[in-house]
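All values derive from a computational prediction rather than experimental measurement.
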Amino acid sequence: MGEVSEQFEMLCFQVITFVGTARTHFINAIQSAKAGNFEEAEKLLKEGDSAFSQGHNGHADLLTMDANGELSGGLMLLMHAEDQLMSAENFRILAQEFIELYKKISDTES
């Protein structure tokens, strides 16, 4: 179980790290759009999407381990990783909406 446990923990921290990075990019994208820097906002969204994808892949690996019956403990860590995954996904949705909103506001002010 030691090797599986280490792999499980590594994957959980990988998910947390990547989706945390993604969430930061999404929040920064909102701030860039708010400042009228829409190119930077779109760039940050793409960078966030890339990080999120890596975190999502780690999550898929965790689900595979669980489906194969390899996991017996550490569920709090898995729940935290999944919570971070969902949080980043929600921020991505909000970032896209804010960017579109700020673009519309910018267009009407011009």
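Within the 4.5 Å cutoff, side-chain heavy atoms of E82 are placed close to those of L63. Looking at heavy atoms from C-beta onward, L62 lies in side-chain contact with C12 at the 4.5 angstrom threshold. For the pair H56 and E89, the minimum side-chain heavy-atom distance is 4.5 Å or more. For the pair M65 and L11, the minimum side-chain heavy-atom distance is below 4.5 Å. Counting only heavy atoms from C-beta outward, the side chains of N57 and F18 never approach each other to under 4.5 Å. When side chains are defined from C-beta on, I27 counts as touching F91, because their heavy atoms get closer than 4.5 Å. Proximity of E39 to N37: side-chain heavy atoms (C-beta onward) are separated by under 4.5 Å at one or more points. R92 places none of its side-chain heavy atoms less than 4.5 Å from the side chain of F52.
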Next item on the list: For D49 and F26, run side-chain contact (heavy atoms from CB on, under 4.5 Å): C-alpha distance rounded to whole Å, both residues' side-chain angles, the deciding distance at 0.1 Å, then the answer.
Entry: CA-CA 9 Å; D49 286 343; F26 298 148; 3.7 Å; yes
Next item on the list: For salt bridge (Lys or Arg N to Asp or Glu O under 4.0 Å), just list the numbers for E42 and K46, CA-CA rounded to whole Å, side-chain angles, deciding distance to a tenth of an Å, and then say yes or no.
Entry: CA-CA 6 Å; E42 293 295 335; K46 287 180 182 176; over 6 Å; no
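Note that CG of L78 is 10.5 Å distant from CG of L85, once rounded to the nearest 0.5 Å. Rounded to the nearest 0.5 Å, atoms NE2 (H25) and OG (S32) are 11.5 Å apart. Annotation: the span from H80 atom NE2 to Q84 atom CD amounts to 4.5 Å, rounded to 0.5 Å. Remark: K34 NZ to I30 CD1 distance equals 10.0 Å, nearest 0.5 Å. Remark: E40 CD to I99 CD1 distance equals 10.5 Å, nearest 0.5 Å. Separating the CD atom in E47 from the OG1 atom in T24 is a distance of 12.0 Å, to the nearest 0.5 Å.
The two residues T21 and A51 make their nearest non-hydrogen contact at CG2-CB, 4.1 Å. What you find for A81 and I16 is that their closest heavy atoms are CA-CG1, 3.6 Å. Closest approach of G58 and V15 over heavy atoms only: C-CG2, 3.6 Å. Across every non-hydrogen atom of A33 and Y102, the tightest pair is O-CB, 3.6 Å. What you find for Q96 and L45 is that their closest heavy atoms are OE1-CD1, 3.1 Å. Summarising the geometry of G55 relative to V19, their closest heavy-atom pair is CA-CG1, 4.0 Å, with the distance given to 0.1 Å.
Open room surrounds CZ on F98; 12 or fewer heavy atoms of other groups in view lie less than 6.0 Å from it.
Between the side chain of D83 and the backbone N or O of M79 there is no donor-acceptor pair closer than 3.5 Å. A donor-acceptor contact shorter than 3.5 Å is absent between the side chain of T17 and the backbone of Q14.
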